[in-house]
Visitor: 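Submitted below is the structure of interest, expressed as structure tokens.
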Amino acid sequence: HPQIEVLASSLEVGNLRDTFVRHLSPHPSRLQRDVSAALIQCGWTHEVEHVTEEGLSLDLARPTSKRAVEVDGPSHFLREVESGRLVENGSTRLKSRLLAALGWKVAHVHFDEWDELETEAAKRLYLEAKLAVIS
């Protein structure tokens with residue numbers, strides 16, 4: 001495949017991350033935007049869709065302190081057949097393990113938990129508890 005060979009030869013190992021990042025098109029979900037706004041209200045400023053040096057994308061991050069909040073929508077979960085309980089899928093679990101190995105502390109906001117929070121005060125308390133774990 002001549003096109004693949006040209007693409008491969010134009011990419012040096014040092015440029016792979018930059019090429020990957022250029023091709024990302026961050027489009028935060030409504031849920032992610034809502035959580036981001038609530039975090040700002042809590043005084044937790046952050047970058048949206050931060051990409052680590054290793055190429056892992058984080059929803060909401062403080063890169064200098066390696067702290068992040070991942071907003072886990074329905075696509076991050078599977079439903080157990082017998083119990084009906086939601087469990088993280090394999091790719092979400094792998095990403096969490098990789099980030100931990102790289103020294104990141106990550107709080108997870110699950111869509112079903114967030115949807116149950118009816119007031120701004122409830123959202124703030126929820127996020128403060130999540131942030132306390134990664135402080």
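Bear in mind that the values here come from a model prediction, so they are computed numbers and not experimental data.
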Visitor: Test your reading of the model: is there a side-chain donor-acceptor pair from Arg62 to the backbone of Thr45, 3.5 Å cut-off?
Guide: yes
Visitor: With rounding to the nearest 0.5 Å, note down the distance linking CG in Leu31 to CG in Asp34.
Guide: 7.0 Å
Visitor: In this structure, would Leu39 and Val48 fall into the same cluster of hydrophobic residues linked by side-chain contacts under 4.5 Å?
Guide: yes
Visitor: Taking Lys66 for the side chain and Leu102 for the main chain, is one N or O donor matched with an acceptor at less than 3.5 Å?
Guide: yes
Visitor: Does the ring center of Phe111 lie less than 6.0 Å from the ring center of His76?
Guide: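 That pair fails the under 6.0 Å test.
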Visitor: With Val109 as reference, evaluate Leu117, Asp59, Val69 under the side chain to side chain contact (heavy atoms under 4.5 Å, CB included) test and give the passing residue.
Guide: Val69
Visitor: Identify the residue among Asp115, Leu86, Val71, Asp72 that makes a side chain to side chain contact (heavy atoms under 4.5 Å, CB included) with His110.
Guide: Asp72
Visitor: If every non-hydrogen atom of Val106 is compared with every non-hydrogen atom of Ile134, which pair is closest and at what distance?
Guide: C-CG2, 3.6 Å
Visitor: Under the 3.5 angstrom rule, does the side chain of Ser96 hit a backbone N or O of Thr92 as a donor-acceptor pair?
Guide: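 Here the side-chain-to-backbone pair exists.
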Visitor: One thing to verify: whether Arg124 and Glu128 come together as a salt bridge, which I'm taking to mean a side-chain N less than 4.0 angstrom from a carboxylate O.
Guide: yes
Visitor: We want to know whether Ser57 and His50 form a side-chain donor-acceptor pair, criterion being a heavy-atom distance below 3.5 angstrom.
Guide: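 Side-chain D/A pair, Ser57 to His50: absent.
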Visitor: Tell me which pairs pass salt bridge (Lys or Arg N to Asp or Glu O under 4.0 Å) where either residue lies in residues 73-102, with sequence neighbours left out.
Guide: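 Residue pairs passing salt bridge (Lys or Arg N to Asp or Glu O under 4.0 Å), neighbours aside: Glu70-Lys95, Glu80-Arg85.
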Visitor: What distance do Tyr126 atom OH and Glu113 atom CD have between them, rounded to the nearest 0.5 Å?
Guide: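 Those atoms lie 3.5 Å apart.
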Visitor: Between Asn89 and Ser75, what is the shortest heavy-atom contact and its length?
Guide: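 Here Asn89 and Ser75 meet closest at ND2-O, 2.8 Å.
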